[in-house]
Amino acid sequence: MVWFSLFVAGIFETVWAVGLKYTHGFTRLWPTVGTFAAMAVSFFLLAHAMKSLPIGTAYAIWTGIGAVGAVFLGIVLFGEPATAPRLICVGLIIVGIIGLKVVSH
């Protein structure tokens with residue numbers, strides 16, 4: 001259950017990271033409200049996961065999921081480049097996330 005909470009926290013980190021783009025510097029009400037709501041959920045679930053997981057593992061996985069999600073959604077939603085070097089680097093982040101999960105108890 002803790003790992004699932006951490007995964008969902010990472011998904012919500014992606015949501016609020018992308019939400020920041022839609023707030024236009026916090027000048028648009030509903031995107032701002034949604035972004036802050038996603039932040040609250042993300043931090044709450046991360047805090048829950050950190051009750052049982054080491055801080056370094058939990059934080060690295062949380063930020064890794066957020067980074068991978070933000071890159072993916074940047075490509076899909078905003079037409080950001082999907083170059084081979086970028087995708088290789090994202091792949092390395094994914095390998096790191098999986099590696100931390102495998103070696104954590």
Apply the ring-ring contact (aromatic ring centres under 6.0 Å, His included) test between Tyr22 and each candidate in Phe78, Trp30, Trp16; give the one that qualifies.
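Single pass found, and it is Phe78.
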To the nearest 0.5 Å, how far apart are [atom1] in [X] and [atom2] in [Y]?
X: Met50; Y: Tyr59; atom1: CE; atom2: OH; value: 8.0 Å
X: Phe26; Y: Thr32; atom1: CZ; atom2: OG1; value: 6.0 Å
X: Phe12; Y: Thr14; atom1: CZ; atom2: OG1; value: 10.5 Å
X: Ile98; Y: Ile93; atom1: CD1; atom2: CD1; value: 12.0 Å
X: Leu46; Y: Lys51; atom1: CG; atom2: NZ; value: 12.0 Å
X: Ile65; Y: Glu13; atom1: CD1; atom2: CD; value: 8.5 Å

State whether the side chain of [X] and the backbone N or O of [Y] hold a donor-acceptor pair below 3.5 Å, judged by distance alone.
X: Ser52; Y: Ala49; value: no
X: Ser5; Y: Leu45; value: no
X: Thr23; Y: Pro31; value: no

Exactly one of Leu92, Ile88, Ile94 should register a side chain to side chain contact (heavy atoms under 4.5 Å, CB included) with Val90. Which one does?
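With Val90 as partner, side chain to side chain contact (heavy atoms under 4.5 Å, CB included) holds for just one option, Ile94.
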In a check of side chain to side chain contact (heavy atoms under 4.5 Å, CB included) between Leu6 and each of Thr57, Ile61, Ile11, which one passes?
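Single side chain to side chain contact (heavy atoms under 4.5 Å, CB included) partner of Leu6 among Thr57, Ile61, Ile11: Ile61.
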Say whether [X] and [Y] are linked into one hydrophobic cluster, either directly or through other cluster members, by side-chain heavy-atom distances under 4.5 angstrom.
X: Val68; Y: Val95; answer: no
X: Phe43; Y: Leu53; answer: yes
X: Leu77; Y: Val15; answer: no
X: Leu20; Y: Val71; answer: yes

Can you give me the closest heavy-atom contact between [X] and [Y], atom names plus distance?
X: Ala82; Y: Leu87; answer: O-CD1, 3.7 Å
X: Ala9; Y: Ser42; answer: O-OG, 2.9 Å
X: Pro81; Y: Ile75; answer: O-CG1, 3.8 Å

Are the aromatic ring centres of Phe7 and Trp62 under 6.0 angstrom apart?
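Ring centres of Trp62 and Phe7 not closer than 6.0 Å.
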Considering residues, nucleotides and ligands other than Ile55, do more than 12 of their heavy atoms fall under 6.0 Å from its CD1?
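Not more than 12 within 6.0 Å, no.
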Is there a side-chain contact between Leu73 and Lys21, using heavy atoms and a 4.5 Å cut-off?
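The answer is no; the side chains never approach within 4.5 Å.
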Side chains of Trp3 and Ser104 only: does a donor on one sit below 3.5 Å from an acceptor on the other?
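Per modelled atom types, Trp3 and Ser104 side chains form no pair under 3.5 Å.
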Residues in salt bridge (Lys or Arg N to Asp or Glu O under 4.0 Å) with Arg86, at least two apart?
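For Arg86, the residues satisfying salt bridge (Lys or Arg N to Asp or Glu O under 4.0 Å) (neighbours in sequence not counted) are Glu80.
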